[in-house]
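Below is one structure, written out as structure tokens; the observations come after it.
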There are 4 protein chains.
Amino acid sequence: MDKRQRIIDATIQLCLENGIEKTTISHIVKHAGIAQGTFYLYFPTKLAVMPAIAEQMVTIIHEKLSQIDRSESITMKMQKCIDTIFANTSAYQELTKLVYSGLTQTEEVKQWEKIYQPLYDWIFEVIEEAKLTGGINSELDSGIVARIIMGSIESTAEQIYLFDYAPTIQVEHVKNNLHTFIMNGLGKNI
Amino acid sequence: MDKRQRIIDATIQLCLENGIEKTTISHIVKHAGIAQGTFYLYFPTKLAVMPAIAEQMVTIIHEKLSQIDRSESITMKMQKCIDTIFANTSAYQELTKLVYSGLTQTEEVKQWEKIYQPLYDWIFEVIEEAKLTGGINSELDSGIVARIIMGSIESTAEQIYLFDYAPTIQVEHVKNNLHTFIMNGLGKNI
Amino acid sequence: MDKRQRIIDATIQLCLENGIEKTTISHIVKHAGIAQGTFYLYFPTKLAVMPAIAEQMVTIIHEKLSQIDRSESITMKMQKCIDTIFANTSAYQELTKLVYSGLTQTEEVKQWEKIYQPLYDWIFEVIEEAKLTGGINSELDSGIVARIIMGSIESTAEQIYLFDYAPTIQVEHVKNNLHTFIMNGLGKNI
Amino acid sequence: MDKRQRIIDATIQLCLENGIEKTTISHIVKHAGIAQGTFYLYFPTKLAVMPAIAEQMVTIIHEKLSQIDRSESITMKMQKCIDTIFANTSAYQELTKLVYSGLTQTEEVKQWEKIYQPLYDWIFEVIEEAKLTGGINSELDSGIVARIIMGSIESTAEQIYLFDYAPTIQVEHVKNNLHTFIMNGLGKNI
DNA sequence: GATGAATGAGATTTCATTCAT
DNA sequence: CATGAATGAAATCTCATTCAT
């Protein structure tokens with residue numbers, strides 16, 4: 001019904017199937033079941049749809065993170081955060097690729113920061129809280145470290161699921177290393 | 001002389017100037033000073049040039065890392081590694097974007113792992129050596145952590161230079177946080 | 001007005017002037033006064049226009065045959081049929097060639113039968129009527145003989161006009177032989 | 001070994017597989033295992049290979065016709081001629097198509113007459129002999145009728161094998177009609 | 001004779017964009 | 001708001017032909 005949403009859905013599906021380059025507005029409108037001209041009533045270009053897709057994906061992750069019990073330890077929270085990102089990257093491998101290359105291809109790149117904000121905020125809160133409750137003993141800038149952590153989790157997940165590093169069987173081993181590294185990094189247990 | 005190299009060079013330069021989308025094969029051949037058809041003798045499509053570019057970029061970084069004195073401490077080496085990646089990402093912002101979206105758009109994705117191998121190996125050696133000389137006291141898997149570290153450095157650099165996070169003035173502050181986080185992560189000073 | 005018809009007309013005219021090989025889609029659209037992309041809204045390839053042309057040509061011949069008075073003798077009708085096919089092959093030499101090689105080059109070959117049907121039907125009717133009125137005394141299968149006759153007329157006309165057999169001056173002599181042969185073949189005058 | 005023959009063979013095979021239009025000199029030389037430039041030492045263009053192919057095909061038919069016993073009756077000879085052409089068209093359906101459209105596409109068309117000469121001559125001799133021995137009582141011009149007959153046999157065979165007329169099961173029925181028609185046409189048995 | 005990398009004119013094809021309905 | 005036929009600039013891609021080796 002909602003034409004805007006139908007455009008987004010069609011774009012996701014087509015890009016997943018054929019890649020961004022080969023997905024054209026003509027294909028999108030055909031797949032969305034709308035007229036050629038209608039596209040332009042909602043988006044100026046094909047790449048302008050990407051932020052909407054990214055937003056949708058970030059929202060999914062954020063919802064999962066929000067369900068984590070606030071009273072849990074930072075160790076546990078970070079564990080679950082890693083699990084969530086890994087699960088998401090695994091499930092939406094191609095979509096992740098899509099969002100990445102979609103965003104990097106345009107001036108929309110700058111929006112990345114804003115779209116990711118909720119995730120950074122979530123980690124930020126976790127760190128700040130841990131600082132207060134003595135969960136960690138860190139001198140680090142929470143805002144910056146939040147980004148570093150999110151980046152390291154994502155890039156590790158990508159290396160595994162997108163770039164084919166390591167047999168899938170070792171995923172747990174990698175996740176454990178990553179978790180230890182991050183907790184160490186935050187100065188936990190010192 | 002070498003036509004293949006001239007195609008790669010032209011592709012890099014044009015993509016840096018105008019972005020991937022707007023760089024066409026027609027532009028490339030014109031800039032490379034070769035005939036239209038000659039392009040197809042070396043690459044089947046525009047995107048097929050990307051792995052060659054990625055390789056070249058990794059080579060540049062690797063050469064810089066190789067120049068670091070082997071006798072330096074791991075702390076110093078990691079510092080210089082961060083500096084190198086940041087400098088590179090800053091200098092070749094667009095090329096970085098290019099490599100990223102170029103690689104993710106094709107089946108070549110899987111090559112990424114292989115192309116990056118030299119960089120992972122360099123960090124791996126640094127960690128292993130530090131373990132031996134007592135520079136760090138880590139139980140972590142060096143192969144995995146090498147990838148985590150490289151990922152965290154790159155993603156942080158990208159957030160700064162590509163996604164416009166943080167005013168440039170704070171770059172040193174971010175780098176310090178990143179360095180501390182990594183060294184902590186490795187279990188240094190425990 | 002009708003873009004499809006304009007494409008067909010332009011294709012015919014250009015192929016008559018320059019041959020099929022040298023007629024390009026670019027030429028066709030220019031001559032038809034439409035945009036390059038418009039061609040592809042109606043036909044996927046140049047050769048896909050051929051069946052439409054064949055149909056048009058058969059229609060022309062069929063109209064001429066239809067004008068022949070039904071009350072004439074089979075001898076007269078066959079004479080006029082020969083004259084019509086010869087005149088047509090002579091006038092549209094290149095178009096005939098075009099239709100032939102156009103149709104044989106694609107999967108459309110099978111359509112030939114269907115397109116030619118009206119001509120076969122016309123001869124079929126003539127033979128059947130002659131059988132009834134005693135014009136001929138033939139045991140032959142009218143459907144099959146209709147095709148044999150049409151084939152012999154066309155191939156003879158082609159030998160003369162396309163393959164340059166016999167000086168033009170002898171055309172009447174050839175036509176007479178052909179007519180006698182066909183009438184004999186049908187068992188006339190026995 | 002013989003490069004000329006290898007070009008011809010490659011051209012036949014490739015045209016049978018992909019059609020004339022889509023067969024390029026590049027494909028031919030690759031398939032023939034010779035260098036790009038070598039082609040031009042033997043043929044000026046792709047279509048210039050066609051007469052060589054036609055010649056090859058006509059030679060095959062002519063050899064079969066030559067094996068027919070000279071002492072047989074014209075009725076028998078014509079029967080065997082029909083059988084030979086039908087068998088050939090059936091076996092080399094695609095090659096026939098190829099030769100046809102290949103020849104009609106160029107100025108080489110005029111060579112058709114010359115290439116076919118041996119076949120016309122064979123029928124010519126048969127008719128002339130029959131005239132002498134009283135096998136037929138025809139006033140027709142043997143040279144012209146030879147062409148008419150050959151044309152009618154070929155076009156009928158094509159209708160059956162190329163254009164899909166009539167179920168294969170009726171082939172004998174068609175051949176019988178054709179034979180009767182031709183013998184009648186020649187004035188036999190009057 | 002034979003080679004095959006290189007050429008580049010020109011063909012096909014695509015597709016974002018418009019605009020009258 | 002919505003449509004979709006038409007556009008045409010510009011892209012990709014082909015391929016006959018050449019020529020230095």
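Side chains are part of it too, since the values below use all heavy atoms of this structure and drop only hydrogens, waters and symmetry mates. Naming convention: chains lettered A, B, ... in sequence-line order (proteins, then strands); numbering from 1 in each chain.
Atom CD1 in B/I7 sits about 11 Å away from atom C1' in E/dA6, given to the nearest Å. Spacing between atom CG of B/D2 and atom C1' of E/dA6 amounts to 14 Å, rounded to whole angstrom units. Rounded to whole angstrom, the span from the NZ atom of A/K30 across to the P atom of E/dC15 amounts to 10 Å. Separating the CZ atom of A/R6 from the P atom of F/dC1 is a distance of 15 Å, rounded to the nearest angstrom. C/I28 has its CD1 atom 12 Å from the C1' atom of E/dA11, to the nearest Å. Atom CG of A/L47 is separated from atom P of E/dA16 by 10 Å (rounded to the nearest Å). Atom CZ in D/F43 sits roughly 16 Å away from atom C1' in F/dA16 (whole-Å rounding). Protein atom NZ of A/K22 is 13 Å distant from nucleotide atom P of F/dT12, rounded to whole Å.
Among the atoms of the strands shown, base atoms are found under 4.0 Å from some heavy atom of B/L41. Using a 4.0 Å heavy-atom cutoff across all strands shown, A/F39 reaches no nucleic acid atom at all. Across all strands shown, C/Y42 has heavy atoms under 4.0 Å from sugar-phosphate atoms exclusively, and none from any base.
Of all nucleotides present, only F/dC13 satisfies the Watson-Crick or G-U wobble test against E/dG10, with each distance under 3.5 Å. In this structure F/dA5 sits in a base pair with E/dT18, meeting the Watson-Crick or G-U test at under 3.5 Å.
Considering only side-chain atoms of D/S26, the nucleotide from E/dT17, F/dC15, F/dT7 that sits closest is F/dC15. Checking F/dT7, F/dA16, E/dT12 against every side-chain atom of C/I25, the shortest atom distance belongs to E/dT12. Picking from E/dT3, F/dT18, F/dT7 the nucleotide with the shortest atom distance to the side chain of D/Y40 gives F/dT18. In this structure, the nucleotide among E/dT17, F/dA9, F/dA16 sitting nearest to the side chain of D/Q36 is F/dA16.
OP1 or OP2 of F/dA2 lies within a sub-4.0 Å distance of a side-chain N or O belonging to A/K3. Between A/T38 and F/dT3 there is a side-chain N or O to OP1 or OP2 distance below 4.0 Å.
Of the residues listed (A/T38, A/I34, A/V29), the one engaging A/R6 in a side-chain contact (heavy atoms from CB on, under 4.5 Å) is A/I34, and it is the only one.
For the pair D/Q5 and D/I8, the minimum side-chain heavy-atom distance is below 4.5 Å.
Between A/L14 and A/H31, the shortest heavy-atom distance links the atoms CD1-CB, 3.7 Å.
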Test side chain to side chain contact (heavy atoms under 4.5 Å, CB included) applied to D/Q56 and D/D9, step by step: CA-CA 10 Å; D/Q56 193 155 310; D/D9 291 345; 4.3 Å; yes
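The residue among C/G37 and C/T24 whose nearest nucleotide of DNA chain E lies closer to the 5′ end is C/T24.
The local environment of CZ in C/F43 is crowded, with over 12 non-hydrogen atoms from other residues, nucleotides or ligands closer than 6.0 Å.
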